[in-house]
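We name chains A, B, ... by the order of the sequence lines, and we start the count at 1 in each one.
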Number of protein chains: 2
Amino acid sequence: MSAESSEASGRPGSAWDGEGPAPQRWDEVDRLVSAWRHERPDLDVSPLEVLSRVTRLARHLDRARRTAFAERGLETWEFDVLSALRRAGTPYQLSPGQLLTQTLVTSGTMTNRIDRLAAKGLVVRGPDPNDRRGVLVRLTDSGREVADAALTSLLKNERELLAALPDRRLGELADLLRELTVQFESE
Amino acid sequence: MSAESSEASGRPGSAWDGEGPAPQRWDEVDRLVSAWRHERPDLDVSPLEVLSRVTRLARHLDRARRTAFAERGLETWEFDVLSALRRAGTPYQLSPGQLLTQTLVTSGTMTNRIDRLAAKGLVVRGPDPNDRRGVLVRLTDSGREVADAALTSLLKNERELLAALPDRRLGELADLLRELTVQFESE
DNA sequence: GCCAAGTATCTTGATGTCGAGTCTCCTGCC
DNA sequence: GGCAGGAGACTCGACATCAAGATACTTGGC
């Protein structure tokens, strides 16, 4: 990647040419990148234009979800697990290992999560009939209700966050992000 | 947002029309969205195409950075703070409050981080001459060296992650992400 | 000048996560 | 069929984070 990327001009909104709509507002990452270009003009910091925004946006999302779920007495991590089981379809059960790859946590964390969800009666742990090492985690009726209700309100919130962009651009954004994620999932 | 977004077809790569290059590989989010469309056909889950990818990509990035920094004996959170101070420019000092907005953590967390960085000799805490409530955190020479070295290797790693996309598309991606982040930063 | 409201930072307690190690069981090779 | 290596889930200790509240100071209105 060269230093002549679309952001090299030092202002946001690569497509703006002085006419048409005003340029977008600066965000924290614009300030961050601009500061680095001043302090370290020897480095090409353009990767941060994308990756710092991903990290920061994820943190904002995390906060928004945390407070939204909290109103329903639900923790974000609880939804992560319950929703994975819910969308697996009947009989709504997965192994801890499958849950790991879907939620991107370590096995110790997942054991702990399952324990607490089981204590709340949202899931039950059972043996895997085909592998005596294995365990199958299954959603209870109560857990399914919680997952369904939470998904509906999550989507409502997230739709509002995306209202700033038309569908066509959201599709482009999804495609661009996919190209970055596939690298992490290839093994 | 309607259910007729570019992703409604249920396969990734909205621009693919059956000719030209093959469609991209599916990622976990494609599977996730496809599963929801089967289980909850009554809901429009298209927001997840974007936001679940952001969350997951951030987690992958987090892991990659964690292991990369660990080779240098550095924690991700240490770099977050040191780099904010470094790019502030001489005399490399900021208040805890300014560090909060840059790193998106709570004040308790920042107090703790500064304590530990000070114990390692990477920053020093001093009084704010203009506000006796305030504190100024300043980078030591040692802290500056650590920050500079870590930034260089961070950028090297991240450039590789972005190599899959040409500069023009990275610029588009940065612009799209900016439009989502500004909403969180407006107050 | 004083007071109320606001701001900046720190303290505390609860909690979730990680990473390394352990135990059990499976799989394929000889 | 036995054994080595791998895979799946769990245990445990260390630790970073958060939320809420406490403390000290500042600011603006009167």
(request) Output the distance between atom CG (A/Leu99) and atom CD (A/Gln93), rounded to the nearest 0.5 Å. (result) 11.0 Å

(message) Take a 6.0 Å sphere around CG of B/Asp42 and say whether it holds more than 12 heavy atoms from other residues, nucleotides or ligands.
(response) yes

(message) With a 4.0 Å limit, can you tell me whether A/Arg116 has a side-chain N or O closer than that to the phosphate oxygens OP1/OP2 of C/dG16?
(response) yes

(request) Assign B/Asp131 to base, sugar-phosphate, or nothing according to its heavy-atom contacts below 4.0 angstrom with the strands shown. (result) sugar-phosphate

(request) Return the value, rounded to whole Å, for the distance between atom CZ of A/Arg132 and atom C1' of C/dT27. (result) 14 Å

(message) Both A/Gln98 and B/Ser107 contact DNA chain D. Taking the nearest nucleotide for each, which residue is further toward the 5' end?
(response) A/Gln98

(message) Does D/dT17 have OP1 or OP2 under 4.0 Å away from a side-chain N or O of B/Thr109?
(response) no

(request) Check whether the side chains of A/Arg56 and B/Gln102 place a donor and an acceptor atom closer than 3.5 Å, and report yes or no. (result) no

(message) Would you say CZ of A/Arg116 has more than 12 non-hydrogen atoms from neighbouring residues, nucleotides or ligands within 6.0 angstrom?
(response) yes

(request) Give the nucleotide from the list D/dA9, D/dC18, D/dA16 with an atom nearest to the side chain of B/Trp77. (result) D/dA16

(request) Identify which nucleotide among C/dT17, D/dA19, D/dC10 has an atom closest to any side-chain atom of B/Thr106, counting heavy atoms from C-beta outward. (result) D/dA19

(request) Take atom CD of B/Glu75 and atom P of C/dC18, then tell me their distance rounded to the nearest Å. (result) 13 Å

(request) Calculate the interatomic distance between A/Leu99 atom CG and C/dT17 atom P; express it in whole Å. (result) 13 Å

(message) At 4.0 Å (heavy atoms only), tell me whether A/Arg125 reaches a base, stays on the sugar-phosphate, or touches nothing.
(response) sugar-phosphate

(request) Look at the side chain of A/Val105 and decide which nucleotide, out of C/dG16, C/dC18, C/dT9, has an atom nearest to it. (result) C/dC18

(request) Decide whether A/Arg65 and B/Thr55 meet the rule of one side-chain donor and one side-chain acceptor closer than 3.5 Å. (result) yes

(request) Calculate the interatomic distance between B/Leu100 atom CG and C/dC10 atom P; express it in whole Å. (result) 10 Å

(request) Nearest whole angstrom, please: distance from the C1' of D/dA16 to the CD of B/Glu78. (result) 12 Å

(request) Report the distance from atom CG of B/Leu136 to atom C1' of C/dA8, rounded to the nearest whole Å. (result) 12 Å

(request) Can you tell me the distance, in whole Å, between the CE atom of A/Met110 and the P atom of D/dT11? (result) 15 Å

(request) Give one of base, sugar-phosphate or nothing for A/Gly108, where a contact means two heavy atoms less than 4.0 Å apart. (result) base

(request) Check whether any side-chain nitrogen or oxygen of B/Arg113 sits under 4.0 Å from OP1 or OP2 of D/dA16, and answer yes or no. (result) no

(request) Return the nearest nucleotide to the side chain of B/Asn112; candidates are D/dT17, D/dA9, C/dG6. (result) D/dT17

(message) Testing the 3.5 Å rule here: is there a donor-acceptor pair between the side chains of A/Thr109 and A/Thr106?
(response) yes

(request) Assign each of A/Arg63 and B/Arg133 to its nearest nucleotide of DNA chain D by heavy atoms, then name whichever residue's nucleotide is nearer the 5' end. (result) A/Arg63

(request) With heavy atoms under 4.0 Å as the rule, sort B/Arg59 into base, sugar-phosphate or nothing. (result) sugar-phosphate

(message) I need the CZ-P distance between B/Phe69 and D/dA16, as an integer number of Å.
(response) 16 Å

